Every structure is written in C-alpha cells, then in structure tokens.
Amino acid sequence: MALSSASCVFMALVFSLPPFTAHAVDRNYQKTIELSNPALWEAMPAWLSNPSTNYVVTPIEGSGGLRFTVSSGGMKWRHILSESLDTGKAPYLTVRYRAEKISSIDSYFVYIGASSGGMSKYEAMPILLDDLECDGIIHEITVAVPQINVSVLAIQLLSEVCGAYIDIQEMSFSCTPPPKLKLTNLLNISKGWTAAEEFKPISFVPNASARDWLNSLRFEDAWFQHPEVMIEGIPFHVMVNDPNVQASSMHDDDAILVDINSTAGTVYLFGGAEFIGTQSPSLGSGLIRAVEEVDRFLIEIDYADGIKDLVFPIRLSSGKNEIVERPAIYVVRPTRLEVINTLAVIDKMQQGRFFLAGITIVPDMPRQADICVQDTNALNIATDVRKGSICSTSIGILVDEETMSLCSLINRHSQTEWLEVPSPIVEYVSDATVDTTLHTTIAKNGEIEISVRFVNKSAEPLALKPTFPVIRGLSPSTNGSELRYCFPQSGAIIGESPVRLRRQYGGLFPLQFVDVYHPEAGGIYVRTHDAGNNEKTFWLEKDTKIALGVDYPEQTIAPGETLALPTAVIGAHQGDWHDALDAYRRWVSTWYRPVVPRKEWFRKIFNFRQVFLHYNSAIGSNGVFDHTKSEYRFNEEINNSIAAFGKVDYIHVFDWGFDPQQGRVGDYKPWSYLGGLAHFREEILRLRGSGIPVGLYFEGYMLDSKSTVAKEHGQQWQLLNDKSEPYSSRSDRYYVCPHVEEWQAYLSRTVERVCKETTADGYYLDQFGFNYQYPCHNETHGHPVPSSQIQGEAEMLCRVRNALPAEKVLYTEETPTDVSSQYQDGSFTYAISRARKTFMPVALNLTRFALPDFKTFEIIICDRPLLDDYDAVKQVFFNGEGIWLEGPLSEPQWFTDGLCDLISKTHAILCEHSDAFGSDRPVPLVGTLNPFIFANKFPVENKTVWTLYNSSYSTVRGYLLEVEHSPEAIYYDLWNNMPIEGKNTGERRLLNIEIGPRDVGCVMKSS
Ligand SMILES: [Zn+2]
C-alpha cells in the first residue's frame, strides 16, 4: 500500500460570516499587508508577561513573506499601517501561512486595533493561536472581522520549545468572501480503484445526507458520482444516492456501528463532524474547531473473542489525534490482528455529531513504513529509580579560581567528563570589574559546595547583577540527542527536546534544584542552599548541550562591603533525575521544620468545595445565605455536592466577610449583616459536627476602599509599581504591601480575632504564594526598591501562623517557595493547569512529591465551568491531590453528569486509600514496562498504591508494571475493582493491567 504523498494542500477555513452590511461595499477594495520588510514589524516584549529572549523576523527566501521565529516564551510584533484600513469595506481577513511547534493556547495570533498604543477600545482578535494548523504545510485561513478602522495590527507567537516559527506568505483584507470549497479542494480524489489489492472497502447502512454536512461547512454540496473512489490513495466505497452517510446524534450519546467480520491491521475512515457552540473554558476558547478528547469521541473495536479496544483516530494529513469538521481521512490502528466483529464510532459529545462516509480496512498487519505518525506522547522520562548513592567519590571537579571557571566536571559513577571546554561558574553584569572570590568544599555526602563573595573595594557604590551558579556546555557526549533534563517548575518539565526554560523562584518554581542526565552517563544536578527566600530565577537551555544557571536581581554593594550569595551545590548521580530529587529531599530533611505540625485530617481532604454566602457576579449564582430570612442553606449545598461529587470533605467560604457598608475584604466584621456572629458560629460548629471542616477566606493583598482599614491606611500601605502608581487603577480597592509591618500586624490580629470568634478550622490568604505579581516601589515602606514579595509574604505568613492555634490550618492560593511552605499547611495550586499547556505527555506537580506533607488542591479553572474536562480530573487523580470545586450545581453547564461521576469515582479511591496518598515518601514517575504508561507510587506500611496514566490514544494492556514481590502480597486493581493477574519473575512480579486511551488506572499491593 502506498499513500499519495501530501503535496502542498491549501486548506481554507471560514468561521462566522458577517451580516450583510447596510452601507455600500466597494467590490474592488482590497488591502494587502506589507510582508517584505522585517523592520516594519516591531517586537513588543513589554506586551507579554514572559517574553522570549530569542526571537527574530526574517524574509522568506524565494516565495516572499516573512518568517517569525520564537523560542521559549512568546513575542508580539506590532505593525503600524501606513494608512488606516476600514474593515467595513473589507470584512474578510485571509492569512496564508505555514507553522510548526507553536503552542496552541487561548491567545491571539492576529490582533487588529484602532490605535497604536496597545489595547484599544476598538479592537478584535480575529485569529487565535488555537486556530493555526502547526504541521509545516501551507494553509490558508479566512475569517470575518468586525468593523474597525484598523491602524495597528499585531501578531503573536508562543512556544515552549526551540524551532517554533510561522511563515506568513500573505495577509490581506478583502470584500470578497472566499469561494465555497469543493471536496476536491481538500482531498486528492480519483474515480475507480487502482492498486487496491491490499484494501478491503466495507459497506454500511447510511442514515443521513452528506448535503447537510457539507452545507453546515458552507461547502459546495456536490457529492460523489461513482461509488468506487480513491481518496488520498486509499480506495473507498462511497454511497452515491441519499442517504449516503452515517451521522450520529448532535446532542445525545450515540454510536455508529459497522460490521467488519475480518482482521484488520489498519482501518481508514473517511468522514468529519459538525460542532456547535464554544469550547469548554479549561480546554480552550472560541468555537469548537477540533475534538481531541477521548471522552467526547472514540472508536470501539469489538473482537470476536470478546476483547475490546478503544482508539482515538489520527487525522492522516496532520498526523495528530484530532477530529475536525471538514472531510478528512482518519487512521485507526487496532492493537490485535484478531477477527473484528464490529467497529463503533462512539459519540459522547453534547455539542457535536460525527459523519462516516467511507470505511476501508487493510486485513493484514501494516508495514512499518506505511504510516509515519509522530507520536510525542511517549517520552523517556521515567526510567527505573536506581539508587545512586552519593559518596565522596561521586564527583570530581576542577575549579580555576583565577578565571572563575569550571575546567572539568566528572561524574565518577559513570566516569564521564561533562565539560568539553571550561565553563564559567559565576557571571555578573557590572560597570566595573568586581573583586570576586570562590570557595569550594567537598561535603560529607560527596556534593561540591561553592560559595562566592563580591567585595566592593572602590569608594563608590557598586551595582552588580550576578548569575551563580552557571554551567555552560554540559554534555557527557558529542551526541546531545539523548541529553535530558528535569526542570521542576510548577507543572514540571522533564524531557530531551531543545528548550529554553526560565522561572522565578516562588509559586512558579518552588524548589531549588535543576537536573541534567543521560541514559548511559548518569547525571549532574545543581542546587541552591538558600534558607533566606532570596529573589532569583532558575533557567535551563538545551540545544545540543545544556546551559543552566540561577540569576539574581541587580543589587548594590556599598563601598567596602561584601555581597555573599547563597551557596551553590553541584552533585553527580548514577541514574536519572529521581536521584537529584532524592538528593534535594535529603537536603530539605536537614532543615525543613513546619512551624506547627501538619494535620492528618487536612491531608485527607480531596473534594475541596468553594461556597459563596451571597450572589457572586463572577460565577452568576446565589450563595447559601438568605439575607431576608437570615438563614443559611449550607445543608442544601452540601447535600447537592454529595449527590454530585460523592462527598464533600471541606467547605471554603469565599465571601463571608462581605458587608454592604464595609465591603468584602478589609474589616471582616459582617456579623450584623449575617444576623449575628453567634448564628454564623453555630453553622460552623454544626458543619464540623457533621464531619465537614470550614475554612474562611482572607485577602492577602486587597482592601476594599469602603473598609475602615482602607480609609485609615490604604494610601500609606499600598503597593506602587515601577511608575510609582498603584497596581489597580480602580478606586474601589487598594493593593497593599506585605512588607508593611502595620499591615502584617493588622492582618494577623484580624485572622486571630476571627478564629476566636468563629472557631473555623481553616484560614486562607488569597493571592499569596505566586510571589511575583506586585514588586513594590513604594519608597516610604522602608524595604529595598523594588521589593521581593517572597520575603514580605513569608513574614506575613509567619505572623498569621503564629497568631493561630496549632490545630487550625493556613493555606494560600499558590504553593510558595519551599522555605515559605513551612509557615503554612497547604495551598491551592495551578500546577496541573500549567503542565497541560506544555509539551509534557502527563501533568506532574513535582512539589507535591518533594514536600509530601504540604497539602495541595488543584485549581483547573477559576470562576468558569469545568464542564466536561475529564482529562483534568484524571490528571489530578494521577497526582493523588485534592481538587478545588467551584460552581453552582443547579446550573447544568458547570459540570456534566459524566464529569461528576468521574469526580465521585476518583474521590472514593483517594479517600479509601488516604493513608497511601498521604505517604511521606511518594515517588513520582516510577519506571513502567510501556513508554506510554506513567505511574506514581504511594507506599505506606503494608500497602503500596500506584496511580497510572496512559498517555497514548489507544487501549494499552499487558504487563505494564513490575513491582517487588512478597509471598503474602495481594494485588488489586482499584480502578476496575478486580484482582490483578500477574506472574512472578524471581523477586519481582509483573502486573497485567488494561488502561483505555488517555485514561487513568490505580492498582494496589497489600500484605
Ligand atoms: Zn512596599
């Protein structure tokens, strides 16, 4: 079988067309955007929160147009039009492009605006990054734009990896809607079957007309004239007369069933879909344009022997697991060469239906070279955890203190030299040459500790921006392709792709190490030993070798003074990144002392429910307090939550502090508005009595202008930005600085008072933990300008923690630094939400494993429905964490029934095995026997639980996990509620497990 090679396929995509405009349209009006001069596209790094440092615009040789390139982070380029353009006269924007490796996320690709200064009142984002096809093939996209007098146009690229680009060959506005497409515009179609011996076209019973489908796409509705056709080199039997396709139901669960009665190495489907409405908020934005979720669409293959495969197809032209609306060929690979009775197209989507127009099988196994699908879901990131003990012979380094460089870096476990040429170990930016001394010692455990001191021997203050440590050119071999790294940012990145990563220590990077490793040569890690919460940024860059380092902000050294940075540690290990994590945890155990003991009851909370007392405009729903009757309806809320989620473990009250006179945050004395403190306290006591602890919300940064405290101190305590302006231009609020001693005293006293008044179990500081949002430039606060929020928040947390009884819990919006985490019991976190936006095949909150008694609750999306985001719930379960649940259950658009069932199921397992999920030595990503299967291990005495995740788009079955065997052990599949078959190999046991595509599993060994 040979597939016709996909030549340059032009694909046009038309979204909503504008209504007929009343004013006359000039039929000849067309405006082509200048794409020959890179200088007309100005990079605007200040428009992004995380701009790339590596971006360029270059002319495309030969075909004209411009190539925009970016790596790690993003860039926006502004183009100011030489004369403004009225899109009322030219309402269609067409872009012809070719792109690769762009992150498809909820943000614009093309922006148009009426003014050039940035955000404009008249603006639109007609094409999103999500809309781009990043397959290296030329595409054309045409969209309708609203009427704007456009004077500025911007484009944006975002990427996590190196090598991302977009070639823009044409960008034009015109009054002519694109012509209706024909099937032959999209697909190579020919009449009759040629060289089709290997294929077996299958017939099925049609129930719908292709015309409906083509009309919904605004295609010409001309259908096939001959039943025997070749499409993209594959013979199909299509039906000529109506009805001619099989369609599933638009709103209800449905299936299209086809009899196969043959073996099949490959199944080709010719079909498409129709989607309505907008994407689930946590999965994307705008209209649904493609489906890639296994809980919306799947192929079920029923074998004659009773076994079933679930497979999500690959679109042939893109090589991606996705279903699009327009006609396309899809490939399905059954996992077994057994007789298939039936194949079912399963439609579990409420906002779409699927069309099947043709199906052809290849009864034999496919040849290896027939289809080349890039599968990025298997990464060699989880090898077996080898115990590389770190001894004094583990590492050998040679430091040249004269040149401040590292001349040799030898991993003695593997006898490998990691530096081909010397690397600097410290770098700085300064106007002067600074007197610098290095001090190197070997620690008892074999790690190398390096300290650095900068002395200002001049008579003037000296500004210095240091990077320490830094290592450049790390690699044990000349072939860098297998060189890997672990960058434990929030939503960890572990991989081998070329990459540029940079994260500020704090909520985005809570730990203090980075690891580089190689399958044959072990690894090298770098750690900082910073107990003082210093502001710093960890970074790692890989092209063929790896460079890594820690940047500190600019600081000034007074004449005669010395600046010492936190000690840097370099270690070597035998195995993979797990050794660096173990070394980090050993170091943490030498100093980590939570201010008060961690609470077992808090660690056992998994369904964390956010509740409102009053109407909330962000989520558009009433709260549980009926002000007219002065009644609380917590019971109703809890009963509904139990019915939906199986159980609710904790109630977190968001807006209890609200009072119409004083506002929501600031004074926290709403008692008369709430019908008396005693009434509120009784509710808390009652809830606690029924086994549900209650937590109360406090704002860490914001004061309502109406509050007494804001009137008295808002002006004086407020944060100022680098323009010495308040962070919010709104007059109804102040953002105040955590360094201000009076604010620390006020908030800690207030929390203490509310605790005495209410006896609530938990206390929450909103916006705390990120540590980067509001550097303070207020000169009157007495802190360095700008200030590091990290230290200010740490001081505040310490005071609040000390004001509370030890049995109460304190938590924040994000997991703070490892050092600050000692002052609190846990936090919300966006780690999984962040990880899902990276190239990682599985989301990992590494901090949850590094600091296991620090409790985390994953926020997938805030103030928007979770709806049918099954994958999010699965990833939270895989990490063994709690989930933050928000949204009214009375409104069906917040959670689908299926999602509620999944939350109930995961919750039941997490609760029943809360001892294991509360393990103090959990191991992330232990080795498995299949590269698509990831496993986390949660061991306690006499029991070990593993959570599993299948990152592939097909059922995986067989011996997936190898564990240490003990004769009395019992193995049980907790996900499917059945014993596990297995076989022993010596001291080990192989566990036979089946996991569906993009699905989770959970197994237990108990003795
Ligand atoms: Zn300040």
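Whatever order the structure lists them in is the order used to number ligands and atoms, beginning at 1. Remember, it's a predicted structure, so these values are computed and weren't measured experimentally.
- A perpendicular orientation is assigned to the rings of Tyr727 and Tyr774, their planes being inclined by more than 60° (bins at 30° and 60°).
- The Zn ion (ligand 1) is the vertex of the angle joining SG of Cys737 and SG of Cys776, which measures 120° to the nearest 10°.
- Shortest distance from the Zn ion (ligand 1) to His781 is reached at ND1 (N/O/S atoms only).
- At a cut-off of 2.8 Å, His739 is not counted among the residues with an N, O or S atom near the Zn ion (ligand 1).
- Taking the six-membered ring for Trp and thresholds of 30 and 60 degrees, Phe454 and Tyr428 have ring planes more than 60 degrees apart, a perpendicular arrangement.
- The Zn ion (ligand 1) does not have His777 among its coordinating residues (no N/O/S atom, backbone or side chain, under 2.8 Å).
- Aromatic ring pairs are classed by plane angle as parallel below 30°, tilted from 30° to 60° and perpendicular above 60°; the pair Tyr55 and Trp77 is perpendicular.
- Using modelled atom types, no side-chain atom of Lys808 and backbone atom of Arg801 make a donor-acceptor pair closer than 3.5 Å.
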